[in-house]
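Everything below concerns the one structure shown next.
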Amino acid sequence: MAYDYKAIEQKWQKYWAEHQTFRAKQPQDFEGEPKPPFYVLDMFPYPSGAGLHVGHPLGYIASDIYARFKRHKGFNVLHPQGYDSFGLPAEQYAIQTGQHPAKTTETNIKRYREQLDKIGFSFDWSREVRTSDPKYYKWTQWIFIQLFESWYDADVQKSKAISELISIFENQGNSKIDAVCDEDTPAFSASEWSAFSEEQKEEILLNYRLTYLAETEVNWCPALGTVLANDEIVNGVSERGGHPVTRKKMKQWSMRISAFAERLLSGLDNLDWSESLKETQKNWIGKSVGAQLKFNIKNSKSLIEAFTTRPDTIYGVSFMVLAPEHDLVTQITTPEQKEEVEVYIKAAAKRSERERMADVKTITGAFTGAYAEHPLTKEPLPIWIGDYVLAGYGTGAVMAVPCGDQRDHDFANHFGISIPNVFDGIDISQEAYADKTNATKIANSDFLNGLGVLEAIPKAIEALQKLGQGEKKVNYRLRDAVFSRQRYWGEPFPVYYVNGLPKMIDEKHLPLELPEVEKYLPTEDGAPPLGRANDWAWDTKSNKVVSNDKTDHKTVFPLELNTMPGWAGSSWYLFRYMEEQNNRDQHIASEKALEYWNSVDLYIGGSEHATGHLLYSRFWTKFLNDKGVLPVNEPFKKLINQGMILGESAFVYRWNYNVEGENFKTVFVSKSIIDESIRNEEMLINYSESVANQIYKILDGVQLKSSKTQSSHFSPLHVDVSVVNASNQLDIESLKNIKPKFKDAHFITNELGKFTVGREVEKMSKSKFNVVNPDDVCEEYGADSLRLYEMFLGPLEQAKPWNTAGLSGVHNFLKKLWKLYHDGDQFSVSEEPASKEALKTLHKTIKKVTQDIEDFSFNTSVSTFMICVNELSQQKCNSREILEPLAVLISPYAPHIAEELWERLGHSGSISEVQYPLFDEKYLKEDSKTYPISFNGKMRFTMDLSLDLSKDKLEEIVMADERTQKQLDGRTPKKVIIVPGKIVNIVG
RNA sequence: GCUCGGAUGGUGGAAUUGGUAGACACGUUGGACUUAAAAUCCAAUGACCAUUGCGGUCGUGCGGGUUCAAGUCCCGCUCCGAGUACCA
């Protein structure tokens, strides 16, 4: 019987579903001691309308292999899947078509599920989550409330209940605690606190809450009608769609993730993540250690605070620069400078983020007319404004040290400000000296003279501290994350407003479900889509959502109109999977389940989530750990980024032929002809008789101008990869059928009537017509072939192009594997003991494959299987002793064929939990080795020699060999290097 | 600019502590089977030279170095990719 992958795969997919083969057990399901848990997770997909292409399952296949391997190794494996089902595309589609996003999302999920099922994943679907399910987002809202009810104690680096903070305020005000809060929070005593009105208290508390409402400058994207987070902006335009982004002030919910900066940074050390990913998070958090200095302003009570990492260069300060948006600017600008400053501020505000970034070279700024006072020398320092100083970083002000910072150097040069030098023996006339090497000594700096950087920094801080004008400070680049979106398809905030102040809906009334709206657009007066809902007011009496007409601001209040961002639901979903569906109502997951499953042992997904999802979920995990909700403070122990699978786009080339008169026909020329014609430096018409005839026929009567063929005469156009075969030949008829715009086009083919296309590797996308669909591959070769091929393609973490041609190789391998267990059409294995070589082949394979799985080197294990099957075929081995363990070995990779063979071997039930074969060294023991015999490091021939031989004996035998004598040609070797079991090298 | 990766045949990619470079697969070529095709099987396949046979020279982006021995280690470059970007 031939290998009928279609029947086999269908059969086993059905079996797995019916028997719930991959359902994970909860600890209480075991009689006696539970099996050790192992949690393998994929980044859950956003179910887009385009469906899956072959790039998506790459990571899923890798994690599935690992999950299946761990089951064979005796673990209780949790390998769930779900959907990140809130999001922009469904809403954009709703705006265009009027269809409810819930409906399109449902359709898309169905399609995803079908596609995933065909690949044979061992997912436990009984635990599926969807972020848009009210039963799920009830807990997203619950976490939001917990954040609102918390503040951060920087002293012990822990989040605590807000009630605790209130009692601290009541007893001692806010001066003695080290709580993370907004920069502009005023200081108050206990009695002042008591004297505040309830509303004032609420406003102050908002400065401390871990999620807070604040007027923030946000990244507003007019085209998308929403605010974007920093990580949703790439090169100054929106990640989705590439629309321009501008700065705008809006009242927004924010997350005080900055409070967790230090923990997010130090926690990285214990994670088994790739160095590059950790590096990306480190840079994003951007810790810098330095000092915060206070500069008095002449003739003013105000101070300028500036952060610096180089307090040792304090004597090199010759001016100050404020960000144009800095609050002090209007206060201190002198009447003479007022006009110039205002013009500058206006111009700076107009420059979009993108322009500012693109144009770093142009130096701009304006003098305010005011002077600050140097804290040590008391010299006046002119105060400038310049847009190279960012309002959002540090204090929005810098002490400019032109000798030590290139930007300050450029600015000083441009505006003719002096550049005092504080480095001993360094020439700073051309450029600043920014090195922090301790060997360079500080000069012209009073008490710092002669010190290296490392000694000078603490000394400088000490001196400034004595004056009350500076202290050590750690600064982070990480900004608080804006949490409001002006969108419909997201989690509603469990928030209503009393006198403009936010109140939380009590937990027991959650979820607050998303209301219906008649249109998914913002309202005419610019409110978010929820502003269109008729029933969107909160009745505090009945604790229900009621009609807006009932709003009286006494018992019925308006609800929040924004919704939460995409990362809300994905920040905690991993913990939801830990609990079974029917026990999820009362909590995120039961304590017992959280304790048992702990955290994700292996997480696989794309590196594009480095500074978004992966940072936010670490933040929420730490927070929920502080609260005692979670027993862990990191969500993902080990993380692997799978590389992107790229598409091989196909191009046809339109000939922009040069004519006397009109140009009206669409003519495409085979790539092979173009290339050769260019190489031969001839006219296309002279390429060959066949080509000339075609041209005459198409361009009947047209007079071509003579010129040599050049690539600039052709414009490339994408064509769908499905109409191109593995040899790059285009099926012209099919192309005309699927793309009517080619209907009347002419195609100039080579002598054999073939038309070849050009190829280029690009990102796989619909617009490039290079998408390969996994369904098609499963149809043509089967899921096991798809799985093996995706792994065979190359290292998991590396980007690589998809090349359909290679699929037949792994498919052939499966056929060969099948044949090992069959004699002609008959299933046939022998009960005879296996030969020595067969056992050696098997154990060699066990050893290598086990090692490869542990190293996530799946490409090499596929090769190993190929070698194994090749060898066993050669040996004509069909012994059960070999073939049984082989089926288990390969089952994580090609589960369908493995199940089928296992059944044919006479077993009932799934192969999935059969013990993984154990490696035994004794089968690999060799008594001889094929030694490479090298001369001066170059291998000349090999010799089979016993491994028992001593070094001397080896040398004797090698030297006696006639080939050795021939190589030496009468010379006496200077030296003979012998590494037993490895190599013989003769020098001389 | 900075940080992190990477560069090996026609192609995707192997190569454990430095120890036979190019495993495995694709592609290509030749052969067997077949009326023919497909499928299958066998053989060859880094480049160059030699060829009746034995064989030889070069070769892992470039230039140096360490070593009996370097794809692997060290120094200096080039190019490509990713992330990040006026962060004081």
Side-chain angles (χ1 to χ4, degrees), chain A residues 2 234-236 274-284 286-288 290 306-310 313 321 323 356-357 359-361 363 386-390 392-401 404-408 410-411 434 475-479 607-608 610-611 641 643-644 726-727 788-789 792-795 797-810 812-813 815-816 819 848 851 855 857 859-868 870 873 930-942 966 973-979 981-988:
Chain A
V234 177
N235 295 330
S274 73
E275 275 314 307
S276 69
L277 192 79
K278 287 193 196 180
E279 199 62 35
T280 306
Q281 287 211 347
K282 270 182 203 161
N283 291 339
W284 192 260
K287 179 177 183 173
S288 46
F307 175 76
T308 177
T309 55
R310 297 294 302 273
T313 60
V321 189
R356 259 177 141 176
M357 277 197 281
D359 180 24
V360 181
K361 293 274 144 60
I363 295 157
D387 71 359
Y388 82 95
V389 177
L390 303 176
Y393 183 75
T395 59
V398 300
M399 61 172 225
V401 183
D405 182 287
Q406 193 55 46
R407 292 155 307 171
D408 296 345
D410 293 343
F411 195 87
N475 225 344
Y476 298 92
R477 196 185 82 108
L478 183 68
R479 306 258 63 84
S607 55
E608 67 273 23
T611 52
N641 290 128
M644 212 192 310
S727 314
L788 282 174
Y789 186 59
F792 189 59
L793 223 41
E797 302 189 62
Q798 206 172 290
K800 55 228 156 208
W802 180 266
N803 178 333
T804 314
L807 259 164
S808 62
V810 290
N812 280 343
F813 157 73
K815 283 198 230 168
K816 274 193 223 166
K819 268 195 200 157
K848 174 85 171 111
Q851 189 58 50
D855 296 344
S857 174
N859 55 327
T860 52
S861 43
V862 177
S863 313
T864 306
F865 284 129
M866 289 174 170
I867 294 167
C868 174
N870 287 348
S873 305
T930 309
Y931 278 92
I933 312 297
S934 314
F935 294 80
N936 298 317
K938 282 189 179 116
M939 204 277 287
R940 284 291 113 109
F941 58 89
T942 59
K966 195 182 159 200
K974 283 198 199 104
K975 211 174 185 183
V976 180
I977 310 266
I978 295 179
V979 185
K982 282 252 162 85
I983 198 173
V984 176
N985 190 17
I986 298 163
V987 187

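We use all heavy atoms of the structure for the numbers below, so side chains are in, but hydrogens, waters and symmetry mates are not. Proteins get letters first, then strands, A, B, ... in listed order; numbering begins at 1 in each.
Among the atoms of the strands shown, none is found under 4.0 Å from any heavy atom of D408(A). Within 4.0 Å (heavy atoms only), V987(A) reaches sugar-phosphate atoms of the nucleic acid but no base atom. The residue N985(A) sits close to a base: some heavy atom pair falls under 4.0 Å. Heavy atoms of P801(A) sit nowhere under 4.0 angstrom from any nucleic acid atom. Residue-level contact check: T930(A) touches the bases, meaning some heavy atom is under 4.0 Å from a base atom.
Between the NZ atom of K816(A) and the P atom of C24(B) there is a distance of 10 Å, rounded to whole Å. Atom NZ in K848(A) sits about 13 Å away from atom P in C24(B), given to the nearest Å. Following rounding to the nearest Å, K815(A) (NZ) and A38(B) (C1') show an atom-to-atom distance of 10 Å. Taking atom CG of residue N812(A) and atom P of nucleotide A25(B), one finds them 10 Å apart after rounding to whole Å. Nucleotide A88(B) holds its P atom 12 Å from the CE atom of M399(A), rounded to whole Å. Atom OH of Y393(A) is separated from atom C1' of C87(B) by 4 Å (rounded to the nearest Å). With rounding to whole Å, F792(A) atom CZ is found 12 Å from A23(B) atom P. In this structure, M939(A) atom CE and G56(B) atom C1' are separated by 14 Å, rounded to whole Å.
No side-chain heavy atom of I363(A) sits less than 4.5 Å from a side-chain heavy atom of R407(A). Side-chain contact between L793(A) and W802(A) is present, with at least one heavy-atom pair separated by less than 4.5 Å. Considering only heavy atoms from C-beta on, N475(A) comes within 4.5 Å of Y393(A) through its side chain.
Across every non-hydrogen atom of S288(A) and T309(A), the tightest pair is CB-CG2, 3.9 Å. Pairing each heavy atom of M939(A) with each of P932(A), the nearest pair is CG-CB, 3.6 Å. Annotation for A323(A) and L390(A): closest pair CB-C, 4.0 Å, computed over non-hydrogen atoms.
The aromatic rings of F941(A) and F935(A) are tilted relative to each other, their planes meeting at an angle between 30° and 60°. The aromatic rings of Y388(A) and F411(A) sit tilted, their planes meeting at an angle between 30° and 60°.
Judged by atom type and distance alone, K982(A) reaches the base of U17(B) through a side-chain donor-acceptor pair under 3.5 Å.
Using C1' as the reference atom, G59(B) and G46(B) are 8 Å apart when rounded to the nearest Å. Look at the P atom in both A39(B) and G27(B): the space between them is 10 Å, to the nearest Å. A21(B) sits 25 Å from C26(B) when the P atoms are compared, rounded to a whole Å. Look at the C1' atom in both U3(B) and U8(B): the space between them is 26 Å, to the nearest Å. Remark: the separation of the C1' atoms in C79(B) and C24(B) is 29 Å, to the nearest Å. A70(B) sits 16 Å from U57(B) when the P atoms are compared, rounded to a whole Å. For G64(B) and U78(B), the C1' atoms lie 15 Å apart once the distance is rounded to whole Å. Nucleotides G71(B) and G13(B) have their C1' atoms positioned 14 Å apart, rounded to a whole Å.
In terms of phosphate contacts, S288(A) brings a side-chain nitrogen or oxygen within less than 4.0 Å of OP1 or OP2 of A88(B). Between A85(B) and N283(A), no contact under 4.0 Å exists linking OP1 or OP2 to a side-chain N or O. Within the structure, every side-chain polar atom (N or O) of K800(A) is placed at least 4.0 Å from both OP1 and OP2 of G12(B). Distances shown here put every side-chain N or O of R940(A) at or beyond 4.0 Å from the OP1 or OP2 atom of G55(B). In terms of phosphate contacts, R407(A) brings a side-chain nitrogen or oxygen within less than 4.0 Å of OP1 or OP2 of C87(B). Of the side-chain N and O atoms in Q798(A), none sit less than 4.0 angstrom from OP1 or OP2 of G12(B).
Glycosidic conformation, G9(B): syn, with the torsion inside 90° of 0.
A stem is defined here as three or more consecutive Watson-Crick or G-U pairs, each with both distances under 3.5 Å; for RNA chain B these stems are B:1-7 with B:78-84, B:10-12 with B:24-26, B:27-32 with B:40-45, B:46-49 with B:55-58, B:61-65 with B:73-77.
Comparing A14(B), A25(B), U20(B) against the side chain of P932(A) picks out U20(B) as the nearest. Picking from C24(B), G13(B), U3(B) the nucleotide with the shortest atom distance to the side chain of N859(A) gives G13(B). Among the nucleotides U40(B), A14(B), A88(B), the one closest to any side-chain atom of K819(A) is U40(B). The listed nucleotides are U20(B), A25(B), A88(B); the one nearest the side chain of M866(A) is A25(B). For P795(A), the listed nucleotide lying nearest its side chain is G13(B); candidates were U84(B), G13(B), U3(B).
Using modelled atom types, one side-chain atom of K800(A) and one backbone atom of P795(A) make a donor-acceptor pair closer than 3.5 Å. Checking side-chain atoms of R477(A) against main-chain N and O of N283(A) turns up a donor-acceptor pair under 3.5 Å.
Where G286(A) and L793(A) each meet RNA chain B at their nearest nucleotide, the meeting point lying more 5' is that of L793(A). Mapping L807(A) and R477(A) onto RNA chain B by nearest heavy atom places L807(A) closer to the 5' end of the strand.
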